[in-house]
K.L.:
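Starting off with a structure, shown below.
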2 protein chains.
Amino acid sequence: MIKGYKKIIDETLLSYFEEILNNKEHLYSKKTTEAMKYTTCLKGKRLRGVLCLESCRIFSDDYFVAIPSACALEMLHSQSLIHDDLPSMDNDDLRRGKPSCHKVYGESFAILAGDALISLGAQIIIDKTSKNIPPDRILKALREYLISAGIYGIVGGQTADLEAENSSLNLRENEEYLNYIQNYKTSALFMASCAIGAILGGADNKKIDALKKFAQSFGIAFQMADDILDVISTTKELGKTAGKDEQENKLTYVNKYGLDGAKQKLKRQIRLIYDILSKEDVKSEVFKNIVDSITAKIF
Amino acid sequence: MIKGYKKIIDETLLSYFEEILNNKEHLYSKKTTEAMKYTTCLKGKRLRGVLCLESCRIFSDDYFVAIPSACALEMLHSQSLIHDDLPSMDNDDLRRGKPSCHKVYGESFAILAGDALISLGAQIIIDKTSKNIPPDRILKALREYLISAGIYGIVGGQTADLEAENSSLNLRENEEYLNYIQNYKTSALFMASCAIGAILGGADNKKIDALKKFAQSFGIAFQMADDILDVISTTKELGKTAGKDEQENKLTYVNKYGLDGAKQKLKRQIRLIYDILSKEDVKSEVFKNIVDSITAKIF
């Protein structure tokens with residue numbers, strides 16, 4: 001199932017970029033489109049897209065209706081990777097095992113590629129979602145996308161993350177602060193992914209909220225695993241530079257609680273997620289497989 | 001009329017940023033919100049917002065319905081200014097007579113502020129537009145916003161602009177190329193401004209297209225005037241660094257046709273616009289005043 005989802009996301013993403021590149025009216029903006037395509041189409045797990053499709057499938061047989069949104073979410077995720085890797089941000093030369101966008105296309109085109117991915121994703125949700133879906137439902141889905149993209153989502157989390165690097169010990173000792181960073185930097189996009197799938201699948205608000213609760217908890221576990229892997233893995237295994245968090249004085253679970261402390265927290269978080277998945281009537285083998293996959297290299 | 005429009009746009013923009021800054025849940029992302037507010041709320045002509053409100057008023061007495069969109073368009077415009085001024089882009093330290101966003105808040109927060117303005121503008125169109133407007137009309141307006149923001153709009157034009165700086169003489173001699181840059185870098189956002197106002201005002205597609213035609217021609221005239229002013233004005237008058245276009249080998253009307261040639265072209269363009277404004281049944285004193293204002297310092 002996950003493989004099938006991944007395949008259709010990869011193929012559809014490619015087709016969207018080919019459509020722009022083949023548009024003769026827009027030959028002169030080719031370089032930015034290529035930069036957008038480069039990072040978005042690098043081999044990735046497509047977790048956000050898969051969560052979106054599966055969240056739709058839970059409520060509707062026709063999960064195909066969520067494919068454009070799944071691709072839009074992957075574009076938004078790629079945007080955040082491209083801008084995060086910039087020299088003035090996290091300054092990382094490696095992403096998904098390949099040179100970062102700005103290393104290949106230069107900083108200016110990497111900035112433009114990120115900018116254009118934000119609006120392209122939203123445009124795709126409008127243009128490519130089946131005309132059978134009523135406009136108020138598309139607006140509702142779009143709103144989730146936009147919120148996760150901005151100051152109430154990824155950008156808010158990234159801001160807090162950058163502030164933590166330069167902040168006084170006082171702020172760093174604040175438990176709430178680390179939670180804020182992870183909720184907005186990581187969980188926000190997972191929450192939007194599940195919410196959009198559920199909305200397009202016709203779920204009511206109660207069901208949408210249940211899925212969001214799962215996605216939020218999953219995001220925290222995902223970030224804990226990411227922080228742990230940064231310490232215990234090699235750069236080759238990660239596909240991005242290993243050991244950067246400590247070097248840059250990032251406020252991570254490992255830097256705050258130590259490696260063993262972070263592992264304990266992750267174990268507790270996984271139990272919490274399993275609890276949510278059993279109680280809240282959001283049963284899905286795909287969700288369980290995804291949760292298991294993020295800890296596979298740790299325990 | 002223009003002054004009234006400007007006032008309501010300025011006040012509403014301020015209130016939107018205050019709303020975010022007063023949101024206690026988002027204290028930790030304050031720095032980026034302040035960077036967004038800083039550039040957006042600097043004294044500006046609010047041309048895009050004014051065009052949007054007037055385009056709505058032509059078709060509906062209740063132009064208030066377009067106020068959130070007018071503010072959204074000013075946010076999008078500010079986004080393009082913030083990212084254009086970055087060191088890896090046009091590298092300008094001055095904007096609207098004040099230090100550029102990245103000079104005040106640093107590069108990373110300027111990048112994040114731009115990113116968040118794109119999605120915030122779109123979110124405001126959804127959240128703040130009167131609930132009396134049917135969702136399909138809001139989607140239609142939103143689509144214009146998104147197209148102008150991305151690869152089919154500002155980003156496309158900015159890409160071609162950057163490519164021209166480094167390109168062979170061959171490409172620079174191509175008349176079509178300069179037109180592409182100006183159509184997408186400058187006209188696209190004016191076109192979206194008029195289209196969104198008209199859509200929210202209830203205009204049919206024929207009327208929307210007529211307004212877009214005006215906006216496109218106006219955008220070209222605006223850019224010609226901008227290129228001319230870059231040469232004949234002081235930095236203080238412009239509020240941004242004067243004389244940069246020549247220095248950076250930009251493909252502008254002045255660099256291509258000389259100062260006198262560009263002035264001649266601007267005169268012809270203004271006549272063309274007046275022609276559109278009389279024939280196409282898009283009569284508006286506000287539009288005429290705006291057209292006159294851009295040439296006031298030149299002829």
Side-chain angles (χ1 to χ4, degrees), chain A residues 20 23 25-33 36 79-80 83 86-89 102 106-120 122-123 126-127 134-139 142-143 145-160 162-163 171 177 180-181 184, chain B residues 20 23 25-33 36 79-80 83 86-89 102 106-120 122-123 126-127 134-139 142-143 145-160 162-163 171 177 180-181 184:
Chain A
I20 304 174
N23 184 334
E25 207 191 315
H26 290 277
L27 284 180
Y28 302 130
S29 58
K30 207 173 157 188
K31 192 161 173 184
T32 298
T33 312
M36 294 158 77
Q79 179 275 323
S80 75
H83 282 189
L86 287 169
S88 62
M89 305 280 276
H102 67 274
E107 257 186 88
S108 49
F109 293 102
I111 292 171
L112 289 171
D115 292 350
L117 282 168
I118 299 172
S119 52
L120 182 63
Q123 190 191 335
I126 298 180
D127 285 353
D136 59 334
R137 206 183 276 181
I138 294 180
L139 269 183
L142 206 47
R143 189 170 179 274
Y145 174 94
L146 295 167
I147 288 174
S148 74
I151 196 74
Y152 297 120
I154 307 172
V155 172
Q158 182 69 4
T159 301
L162 286 173
E163 291 266 68
L171 192 58
Y177 193 79
Y180 182 90
I181 296 178
Y184 290 97
Chain B
I20 305 174
N23 185 333
E25 206 190 315
H26 289 277
L27 284 180
Y28 302 130
S29 59
K30 208 175 155 187
K31 192 162 173 184
T32 298
T33 312
M36 294 159 77
Q79 178 275 324
S80 74
H83 282 189
L86 287 169
S88 63
M89 305 281 277
H102 66 274
E107 257 186 85
S108 49
F109 292 102
I111 292 170
L112 289 171
D115 292 350
L117 282 169
I118 300 173
S119 52
L120 182 62
Q123 191 191 332
I126 298 180
D127 285 354
D136 58 336
R137 205 183 276 183
I138 294 179
L139 268 183
L142 206 48
R143 190 170 178 273
Y145 174 94
L146 295 167
I147 288 174
S148 75
I151 196 74
Y152 297 119
I154 307 173
V155 172
Q158 182 69 3
T159 303
L162 286 172
E163 290 268 67
L171 192 57
Y177 193 80
Y180 182 90
I181 295 179
Y184 290 97

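Please read these numbers as outputs of a predicted model, since none were measured by experiment. Quick note on labels: first sequence line is chain A, next is B, and so on, each numbered from 1. Side-chain atoms are counted along with the backbone in the values below, which use heavy atoms only and exclude waters and symmetry mates.
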K.L.:
On a heavy-atom basis, which atom in B:A116 and which in A:I151 lie closest, and how many Å separate them?
P.N.:
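Nearest pair, atom of B:A116 first, then A:I151: CB-N, 3.9 Å.
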
K.L.:
Is any side-chain heavy atom of B:Q79 closer than 4.5 Å to one of A:D115?
P.N.:
yes

K.L.:
Under a 4.5 Å heavy-atom cut-off, does chain A meet the side chain of B:I20, its backbone, both or neither?
P.N.:
both

K.L.:
If you compare all heavy atoms of A:S88 against all heavy atoms of B:S108, which two are closest, and at what distance to 0.1 Å?
P.N.:
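Of all heavy-atom pairs spanning A:S88 and B:S108, the closest is O-CB, 3.3 Å.
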
K.L.:
Counting only heavy atoms closer than 4.5 Å, note whether A:E25 contacts chain B via side chain, backbone, both or neither.
P.N.:
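Contact with chain B is through both the backbone and side chain of A:E25.
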
K.L.:
Looking only at heavy atoms, which two atoms of A:S29 and B:G156 are closest? And how far apart?
P.N.:
CB-CA, 3.6 Å

K.L.:
If I measure from the heavy atoms of chain B, does A:I126 come under 4.5 Å with its side chain, its backbone, both, or neither?
P.N.:
side chain

K.L.:
Using non-hydrogen atoms and a 4.5 Å limit, figure out which bit of B:L112 sits close to chain A: side chain, backbone, both or neither.
P.N.:
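For B:L112, the contact with chain A is made by backbone and side chain together.
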
K.L.:
What part of A:Y145 gets within 4.5 angstrom of chain B, counting heavy atoms only: side chain, backbone, both, or neither?
P.N.:
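The answer is neither part of A:Y145.
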
K.L.:
Are A:D127 and B:R143 side-chain neighbours, meaning at least one heavy-atom pair lies under 4.5 Å?
P.N.:
yes

K.L.:
Nearest 0.5 angstrom please: A:T33 OG1 to B:Y152 OH, how far?
P.N.:
7.5 Å

K.L.:
Given that the side chain runs from C-beta out, which part of B:L86 has a heavy atom under 4.5 Å from chain A: side chain, backbone, both or neither?
P.N.:
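Contact with chain A involves the side chain of B:L86 alone.
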
K.L.:
Which atoms form the tightest heavy-atom contact between A:T159 and B:Y28, and what is the distance?
P.N.:
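Distance-wise, the nearest heavy atoms are CG2-O, 4.0 Å.
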
K.L.:
In Å, rounded to the nearest 0.5 Å, how long is the span from CG of A:L162 to OG1 of B:T32?
P.N.:
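Atom-to-atom, A:L162:CG and B:T32:OG1 are 7.5 Å apart.
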
K.L.:
Restricting to non-hydrogen atoms, name the atom on A:L146 and the atom on B:S119 that form the minimum distance, rounded to 0.1 Å.
P.N.:
O-CB, 3.5 Å

K.L.:
Heavy atoms only, distances under 4.5 angstrom: which of A:H83, A:M89, A:H26, A:E107 has the most pairs with chain B? Name it, please.
P.N.:
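Greatest number of close heavy-atom pairs with chain B: A:H26.
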
